[in-house]
Structures are given as C-alpha cells and as structure tokens.
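So that the names make sense, note that chain A is the first sequence line, chain B the second, and so on, each numbered from 1. Note that these values count all heavy atoms, side chains included, but never hydrogens, waters or copies made by symmetry.
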There are 2 protein chains.
Amino acid sequence: MNKFYEIFRDLKQKIDQKEYPAGSLLPSELNLAQMYNVSRETIRKALNLLLESGYIQKQQGKGSIVLDIQRLQFPVSGLTSFKELQEGQQIDSQTIVIKNKTEKIPRYLAEQFHLPEDTDVVSLVRLRKISGEVIILDKDYLLHDIVDSVPTEAAEVSLYGYLEKECKLTIAYAKKEFVVEPITQEDQKYMNLKNDTHVVVVKSEVYLEDTRLFQYTESRHRLDRFKFVEFARRKHTLL
Amino acid sequence: MNKFYEIFRDLKQKIDQKEYPAGSLLPSELNLAQMYNVSRETIRKALNLLLESGYIQKQQGKGSIVLDIQRLQFPVSGLTSFKELQEGQQIDSQTIVIKNKTEKIPRYLAEQFHLPEDTDVVSLVRLRKISGEVIILDKDYLLHDIVDSVPTEAAEVSLYGYLEKECKLTIAYAKKEFVVEPITQEDQKYMNLKNDTHVVVVKSEVYLEDTRLFQYTESRHRLDRFKFVEFARRKHTLL
DNA sequence: CAGCATTTGTACGTATGTATT
DNA sequence: CAATACATACGTACAAATGCT
C-alpha cells in the first residue's frame with residue numbers, strides 16, 4: 001500500500017491509543033519525515049487524511065493539534081454502508097431481504113435520471129432490525145446493465161462488499177438528500193412504526209469511478225431512531 | 001491569493017459556463033500546467049479542490065471528467081451559514097432576532113461540554129422566515145469569553161460575517177448532529193407549525209482554529225421544508 | 001495480445017513565504 | 001530578533017492505469 005496511507009493508519013492508531021493524546025501536538029512534519037524515513041510531502045499527505053477525518057487540526061507556525069475524537073465517534077459522514085456502520089459500532093443488528101428481483105425501472109426514476117422506460121433494474125427491499133425492531137426500510141435499485149443480479153446472501157451480509165469484491169466495481173461518489181416524508185403503506189406494513197406519521201428518507205444516487213450512475217437508494221428511517229452525524233470543515237475561501 | 005486557489009476558481013467558472021461541459025475531459029495536468037504557467041503540483045492542488053466540491057471525477061490513465069453539477073446545485077455540505085445558503089439560492093428570506101442577551105449557560109450544555117455552571121454565554125434566538133412563513137428557529141449559544149456581545153443588527157444580517165470580519169475569529173470545524181425531536185412550547189409559539197408534532201433539529205458544536213469550543217447551535221426546522229443535500233466520496237481505504 | 005503514448009498517482013528534494021513562540 | 005513549524009511552489013523521476021495501434 002501507499003506510504004502516506006500507511007503512515008496515516010499508523011498515526012490514527014497511535015491517536016486512538018492515546019500515544020498522542022487529545023490536545024497534544026504531533027511531532028513536526030520534519031520530525032515525522034525523519035521518524036518514518038520519508039519526505040515531508042509524504043507526511044503532509046498523511047496529515048491531510050487525518051485532517052479530513054477530524055483527527056487533527058493544523059495551525060501554521062504551531063503544529064498539528066490532536067482533537068478529542070472520542071466524542072466524535074461516528075462515521076465521519078461520507079459514503080458508508082449499513083454493514084460498515086454496524087462494524088464500527090458493534091450493535092446487534094439483522095438484515096432481512098424481502099424482495100430481490102430484476103424488473104423495469106419505476107417511472108419516476110426513469111424520468112428523474114433520463115433513462116428509457118424499459119430500463120432493467122435489480123430491485124431490492126431490505127429491512128434493518130436493531131435490537132429486534134425494524135427501524136429502517138431500504139429500497140435499492142441497481143442498474144441491470146452493470147449488475148446482473150445480487151445473491152440474497154450478499155444482500156443480507158454486505159451489498160457493497162459483494163459489488164466491490166465480487167463484481168470488481170469501484171464506487172466513487174454519491175449525491176445524498178435527507179428529507180422527511182409521510183409514511184407509505186409499505187412503511188406501515190414492514191416497520192415497527194407506533195404512531196408515527198412520518199419517516200426520515202435518505203435518497204442516494206451512487207456513481208461509479210467512470211461517472212456512470214449505478215444505484216439509487218431510498219433509506220427510510222423511523223423518526224425516533226434516526227441520527228446522522230458529520231464532521232465538517234469551514235471552507236472560508238471556497239465559494 | 002494562492003495560485004492553486006485562483007486556478008481552482010477559474011476552472012470552476014469555466015465549468016459553470018460550460019466552457020468545459022459535463023462529461024468532457026479537462027486538459028491534462030501537464031497541459032494545464034503549461035496553460036497557467038505553473039508546476040504540475042499546483043494544478044493538482046486546484047484539481048483536488050474541484051474533486052472535493054464535486055466538480056470533477058479523476059481517473060488514472062484517463063483524465064479529469066467534468067461532472068453534471070447542474071443537478072447538484074446545493075451547498076456541498078460542510079459548514080455553511082444560513083446567510084451564505086440564501087446567497088447561493090436567491091430565496092426571499094428574513095431573519096428576526098427575538099432574543100439577544102448574555103446569561104448563564106443552560107445546565108445541560110454545561111454538563112455536555114464539561115464547563116463550569118456559571119459560564120457566561122451570549123444567547124441568541126432567531127426566527128428564519130422564508131416566503132413569509134417561519135420555517136426555522138435557531139438557538140445559538142456563544143461563549144462570552146470569546147465573544148463579548150453580538151449587535152442585533154449583525155445577528156440579523158450575518159452572524160458569521162460579524163464574527164469573522166469584525167471579531168477576527170477563525171471558525172475551523174464543527175460536529176453536526178441531525179435528529180428529529182418532538183416540538184417544544186417555544187417551537188409551537190414562534191413557528192408556523194400546522195399540525196406537526198416533530199421538528200428536525202440540527203445540533204452543531206463549532207470550534208475555532210485553536211480548537212477552542214466557541215458556539216453551540218440548535219437549528220430547529222419544520223419537517224416539510226427541511227432538506228439537506230450532500231456530496232460524498234467513498235473512502236475505500238480510510239477505515 | 002503486445003507495445004506504445006498519454007495521463008494520473010506517488011515520492012523525493014529544494015527553496016521561499018508566513019505564522020507562532 | 002531568532003528559531004521553529006506549517007504553506008506554497010517548482011522540478012524530477014518513476015509507477016500504474018487507460019486507450020489506441
């Protein structure tokens with residue numbers, strides 16, 4: 001693997017283990033370069049990864065301050081699958097696949113993405129149980145051109161794992177939209193909704209490395225269990 | 001200003017104006033370096049900014065593909081103030097300050113951040129009207145140690161503008177949390193809530209460059225008008 | 001399928017500017 | 001003012017992926 005990535009991992013681990021405690025300064029870039037026997041630029045790339053993931057804050061003339069990531073224990077936003085989320089949090093969870101078949105794309109999606117009405121998609125519906133309750137209903141549409149089919153086993157365990165490892169697809173980026181919508185009959189039928197009238201819906205358009213659209217997902221969450229956390233940096237100059 | 005930032009702005013503008021249309025390739029890094037008369041690394045830094053803001057997708061061996069940012073017209077997540085949001089979208093909006101005074105920190109915040117109970121904060125409550133309706137209720141707490149007071153005028157126009165320009169504070173990063181909560185009497189009193197029983201709450205902890213906590217905000221949104229969009233990149237290797 | 005040119009990714013080295021202490 | 005540390009910029013070399021011949 002890359003040098004800068006290895007160094008990033010090593011530093012991250014040392015921060016997690018409080019070898020570099022929160023509030024302290026990392027060794028200077030020059031020192032780190034000597035310690036790891038690499039050039040300063042390689043160190044800077046590693047530090048940038050730490051910066052983006054909320055591990056450190058850099059200050060010109062001073063150094064790299066270790067942040068208190070304890071209280072920031074979460075999927076620093078980005079594109080993370082349910083499975084990967086669980087792994088980070090050790091919650092008892094379960095996935096139930098209640099639909100897995102190839103069919104024509106729903107009309108509203110064909111329109112939204114300017115696709116032919118007879119486009120084939122692999123349509124998945126999955127329930128996510130946490131502590132025995134159905135908290136999330138996931139509806140996935142995968143373009144059949146790109147993914148032939150999905151073994152139900154894979155959909156239960158890790159869809160992204162299957163797509164990336166087995167199908168050799170490289171997922172690159174996504175546009176995500178968070179809204180609140182009234183519940184549907186389907187929500188009512190499958191989720192443990194109590195008296196809720198609404199669910200939080202996360203709509204994702206997922207794209208491959210070559211910029212082809214490949215997946216559309218609606219992740220429907222019970223209101224009282226929904227939480228999304230992100231670490232954001234201010235971009236003073238960007239706009 | 002920086003060269004790489006100027007080049008970023010220039011390229012962004014050219015993409016917006018379709019001089020480099022969506023789906024096309026940018027000139028190669030070497031070509032761009034010659035065009036702008038800078039080194040390749042400077043170009044790469046500019047391209048990285050474009051990458052992070054969702055303007056392009058890079059592919060090794062191929063080039064930088066311009067993305068269809070039209071459909072991604074939004075505040076690419078991050079730390080953006082209400083005022084800045086509006087400016088990007090040209091919506092008729094109005095801010096009404098209904099509270100602006102220095103007082104003791106609320107107990108739950110003192111506990112959450114391990115601050116003394118007698119900590120002073122500037123407490124702001126603001127209503128955000130869009131098209132005549134109160135859609136958002138913002139509750140801000142600014143540490144009095146850092147900000148002495150806020151002119152109501154500034155709280156109406158642009159709090160961040162005031163803090164950054166007048167107070168010379170550098171806002172660096174924030175932890176944001178999105179949840180849905182039952183409405184309070186305060187929500188009921190000030191917002192146009194119809195029959196809603198819940199609001200979307202965005203809780204932000206905002207930190208300065210020197211990592212000092214400086215602001216805590218709860219932004220309470222009417223369900224039916226809440227929308228949050230983000231552009232996310234998959235980090236295959238990061239965890 | 002092999003080979004080649006093109007393009008991006010990684011890494012190193014050096015020099016200079018700017019902020020902090 | 002001096003030393004230290006991060007930021008920017010240029011240049012070079014080689015590796016890896018892509019696309020074309």
Side-chain angles (χ1 to χ4, degrees), chain A residues 1-11 20 23-52 55-67 168-170 172-173 208-212 233 235-238, chain B residues 1-11 20 23-52 55-67 168-170 172-173 208-212 233 235-238:
Chain A
M1 187 50 79
N2 300 336
K3 288 190 183 178
F4 74 82
Y5 178 65
E6 289 303 332
I7 294 169
F8 161 68
R9 289 240 301 205
D10 191 61
L11 289 172
Y20 297 125
S24 70
L25 289 174
L26 291 184
S28 76
E29 294 178 350
L30 222 56
N31 278 341
L32 286 170
Q34 289 163 355
M35 288 163 63
Y36 287 99
N37 213 352
V38 296
S39 74
R40 188 177 151 219
E41 207 199 287
T42 303
I43 293 297
R44 284 176 60 76
K45 280 186 184 170
L47 292 184
N48 263 329
L49 291 179
L50 290 173
L51 192 77
E52 282 169 28
Y55 270 81
I56 62 169
Q57 173 65 18
K58 298 182 79 170
Q59 228 180 313
Q60 188 175 9
K62 190 171 183 187
S64 298
I65 307 166
V66 178
L67 297 183
K168 303 286 185 203
L169 292 173
T170 307
Y173 60 94
L208 299 177
E209 202 181 11
D210 58 9
T211 77
R212 278 183 300 170
R233 284 192 174 277
K235 287 149 183 167
H236 291 85
T237 45
L238 220 68
Chain B
M1 187 49 81
N2 300 335
K3 288 189 184 179
F4 74 81
Y5 178 66
E6 288 303 331
I7 294 169
F8 161 67
R9 289 239 302 205
D10 190 62
L11 289 172
Y20 297 124
S24 70
L25 289 174
L26 290 184
S28 76
E29 293 177 351
L30 224 55
N31 278 341
L32 286 170
Q34 290 163 355
M35 288 162 61
Y36 287 99
N37 213 354
V38 296
S39 74
R40 187 176 155 219
E41 207 198 289
T42 304
I43 294 296
R44 283 177 60 77
K45 281 187 184 168
L47 293 184
N48 264 329
L49 290 178
L50 289 173
L51 193 76
E52 282 170 26
Y55 270 81
I56 62 169
Q57 172 66 17
K58 298 183 80 172
Q59 229 181 314
Q60 189 174 10
K62 193 169 181 187
S64 298
I65 308 166
V66 178
L67 297 183
K168 303 287 184 202
L169 293 173
T170 307
Y173 59 95
L208 299 176
E209 202 182 10
D210 59 8
T211 75
R212 279 183 299 169
R233 283 191 175 280
K235 287 147 183 169
H236 290 85
T237 45
L238 220 66

Quiz item: Got a sec, which residues hit side chain to side chain donor-acceptor pair (under 3.5 Å) with Lys58(A), two or more places apart in sequence or on another chain?
Solution: Glu29(A)
Quiz item: Sequence neighbours excluded, which residues qualify as side chain to side chain donor-acceptor pair (under 3.5 Å) partners of Ser64(B)?
Solution: none
Exercise. Using the test side chain to side chain contact (heavy atoms under 4.5 Å, CB included), find all partners of Glu6(B) that sit at least two apart in sequence or belong to another chain.
Key: Met1(B)
Practice problem: Walking along DNA chain D from 5' to 3', note the first and the last nucleotide with an atom under 4.0 Å from a heavy atom of chain B, and give both. | Solution: dT8(D) to dG19(D)
Quiz prompt | All side chain to side chain contact (heavy atoms under 4.5 Å, CB included) counterparts of Leu25(A), not counting sequence neighbours | solution = Ile65(A)
Quiz item: Got a sec, which residues hit side chain to side chain donor-acceptor pair (under 3.5 Å) with Ser24(B), two or more places apart in sequence or on another chain?
Solution: none
Self-check item: Results of side chain to side chain contact (heavy atoms under 4.5 Å, CB included) for Asn48(B) - residues two or more places apart only
Solution: Leu51(B)
Practice problem: Produce a footprint string for nucleotides 5-13 of chain C: one letter per nucleotide, 5' end first; B if the base is under 4.0 Å from any protein heavy atom, S if only the sugar-phosphate is, - if neither. | Solution: -BBBBBSBB
Self-check item: Residues in side chain to side chain contact (heavy atoms under 4.5 Å, CB included) contact with Gln60(A), at least two apart in sequence or another chain
Solution: none
